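Written out below as structure tokens is the structure these notes cover.
Just so it is clear, the model here is predicted, and its values are computed rather than measured. Order of the sequence lines sets the chain letters (A, B, ...), proteins ahead of strands, with each chain counted from 1.
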2 protein chains.
Amino acid sequence: MAEAAKTSGCKEDYELCDHFINAFQIIGKKWNGLIISSLCDTHYMRFKELAKCISACSDRVLVARLRELEDEGIVKREVDQETGIISYGLTPKGADLKPVFDQVHTWADKWV
Amino acid sequence: MAEAAKTSGCKEDYELCDHFINAFQIIGKKWNGLIISSLCDTHYMRFKELAKCISACSDRVLVARLRELEDEGIVKREVDQETGIISYGLTPKGADLKPVFDQVHTWADKWV
DNA sequence: TTTTATTACTTGTATTTAGTAAGTAAATAA
DNA sequence: TTATTTACTTACTAAATACAAGTAATAAAA
């Protein structure tokens, strides 16, 4: 089998793609999936609304995650100049994750 | 806006679906995405191969994750009766996550 | 106008989870 | 016989997260 593996590119040689690994470092980080999918569904939300929606996540971590996702260019934080109200939404990069969540939903409905 | 929110089901009332939350508790847990997608691509792997492939994950955690995924019915651990060789693969429930990973790949190729 | 509440955070501490490194029993190869 | 590989386990350290309380700024209620 060692010979076969060497010549046929079997599982011994399998490598995950870097893009994919990096993507999962973001999507797979605790709470990020729920944060992004919530913003995907609602278009935008204030901090309190998001926190209520992902209630098991502490404020402390939610703040940190939102910052990180902003730095990744997935979330955008906006301040209304008139009211001063802060809202969180997705950038095109973030919104483009919707098909991922749709597939998760499909899977979840079938198996969870 | 409070009135409007109450009557129109706007973001204040938004709730994530339980199935979806549970699904993300599994898929979103550190390393699980990479573990499952590796097994998705290769069909089955021995522990050492998997560990090499997800090299940033410690053996200790990989062992724990595989057990958890087995308990979730996503991963199956098989022992060859003849050789005693242990291999890890996916159950139908696990294999059914492929479309999710495909979408992550599509997104990663575009944005990461 | 003083009090109360809300928002979007921050800070300190406890607990949980993960990383590092070394070890082990069983099987296989040299 | 000795060395190596495999699939783990164990002890310890470091990092991430949870819990709880606090805060400055603004808004709403008494």
Side-chain angles (χ1 to χ4, degrees), chain A residues 1-3 5-6 10-14 21 24-35 38-39 42 44-72 75-89, chain B residues 1-3 5-6 10-14 21 24-35 38-39 42 44-72 75-89:
Chain A
M1 140 88 160
E3 237 2 270
K6 269 174 206 152
C10 125
K11 56 202 129 54
E12 270 181 48
D13 304 316
Y14 175 73
I21 292 173
F24 251 103
Q25 232 146 42
I26 303 165
I27 302 167
K29 192 157 189 179
K30 198 167 187 183
W31 304 118
N32 279 354
L34 300 185
I35 293 169
S38 295
L39 294 175
T42 59
Y44 67 88
M45 268 199 254
R46 296 182 68 172
F47 181 85
K48 248 291 184 86
E49 291 162 355
L50 240 184
K52 186 183 162 196
C53 172
I54 309 166
S55 55
C57 175
S58 63
D59 281 11
R60 194 206 172 98
V61 170
L62 185 54
V63 169
R65 280 305 100 86
L66 287 169
R67 282 256 166 85
E68 291 159 17
L69 290 171
E70 222 190 317
D71 292 343
E72 293 285 350
V75 160
K76 59 169 184 262
R77 180 185 186 271
E78 283 182 291
V79 185
D80 186 297
Q81 286 309 323
E82 232 186 288
T83 61
I85 286 175
I86 292 159
S87 62
Y88 291 93
Chain B
M1 139 90 158
E3 238 358 271
K6 269 174 207 153
C10 125
K11 58 202 129 51
E12 269 181 48
D13 304 317
Y14 175 72
I21 292 173
F24 250 103
Q25 231 147 42
I26 302 165
I27 301 166
K29 192 158 191 181
K30 198 167 188 183
W31 304 117
N32 278 355
L34 300 187
I35 293 169
S38 296
L39 293 175
T42 59
Y44 67 89
M45 268 201 254
R46 297 182 67 172
F47 181 85
K48 249 288 184 87
E49 292 162 355
L50 240 185
K52 186 182 162 196
C53 172
I54 309 167
S55 55
C57 174
S58 64
D59 281 11
R60 200 181 102 85
V61 171
L62 185 53
V63 168
R65 279 306 98 87
L66 287 169
R67 282 257 166 85
E68 291 159 17
L69 290 171
E70 222 191 317
D71 291 343
E72 293 285 349
V75 160
K76 59 169 184 261
R77 180 184 186 272
E78 284 181 291
V79 185
D80 185 298
Q81 287 309 323
E82 232 186 287
T83 61
I85 286 175
I86 293 159
S87 63
Y88 290 94

Cut-off 3.5 Å, no hydrogens considered: what does the side-chain donor-acceptor table look like for residues 53-65 of chain B, sequence neighbours left out?
| residue | atom | partner | partner atom | Å |
| --- | --- | --- | --- | --- |
| B/Ser58 | OG | B/Val61 | N | 3.4 |
| B/Arg65 | NE | B/Glu68 | OE1 | 2.9 |
| B/Arg65 | NH1 | B/Lys30 | O | 3.2 |

- Query: To the nearest 0.5 Å, what is the distance between CG (A/Leu39) and CG (A/Leu34)?
  - Reply: 11.0 Å
- Query: Short question: side chain of A/Asp80, backbone of A/Ile85 - any donor-acceptor pair under 3.5 Å?
  - Reply: no
- Looking at CZ of A/Phe24 and CG of A/Asn32, how far apart are the two atoms once the value is rounded to the nearest 0.5 Å? 12.0 Å
- Item | Sequence-distant partners of B/Arg77, side-chain hydrogen bond (donor to acceptor under 3.5 Å, both in side chains), two or more places apart | B/Tyr88
- Task: Kindly indicate, with the supporting measurements, whether the criterion side-chain contact (heavy atoms from CB on, under 4.5 Å) is fulfilled by B/Thr42 and B/Leu50.
- Result: CA-CA 10 Å; B/Thr42 59; B/Leu50 240 185; over 6 Å; no
Identify all pairs in which a protein N or O lies below 3.5 Å from an N or O of nucleotides 23-26 of chain D, and state each distance.
none

- Task: Search all heavy atoms of B/Gln25 against all heavy atoms of B/Lys29 and return the closest pair with its distance.
- Result: O-CB, 3.5 Å
- Task: Please name the pair of heavy atoms, one in B/Glu72 and one in B/Ile26, separated by the smallest distance, quoted to 0.1 Å.
- Result: OE1-CD1, 3.5 Å
- Query: Taking CD from B/Gln25 and C1' from D/dT17, how many angstroms apart are they, rounded to a whole number?
  - Reply: 14 Å
- In B/S/- notation, 5' to 3', how is nucleotides 5-17 of chain C contacted by protein heavy atoms closer than 4.0 Å? --SSBBBBB----
- Query: Quick one: bend of the helix from C/dT1-D/dA30 to C/dA30-D/dT1 from 5 pairs per end, to 10°?
  - Reply: 10°
- One should read off an interatomic distance between B/Leu66 CG and B/Lys76 NZ, to the nearest 0.5 angstrom, of 13.5 Å
- Query: side-chain hydrogen bond (donor to acceptor under 3.5 Å, both in side chains) with B/Asp71: which residues, sequence neighbours excluded?
  - Reply: none
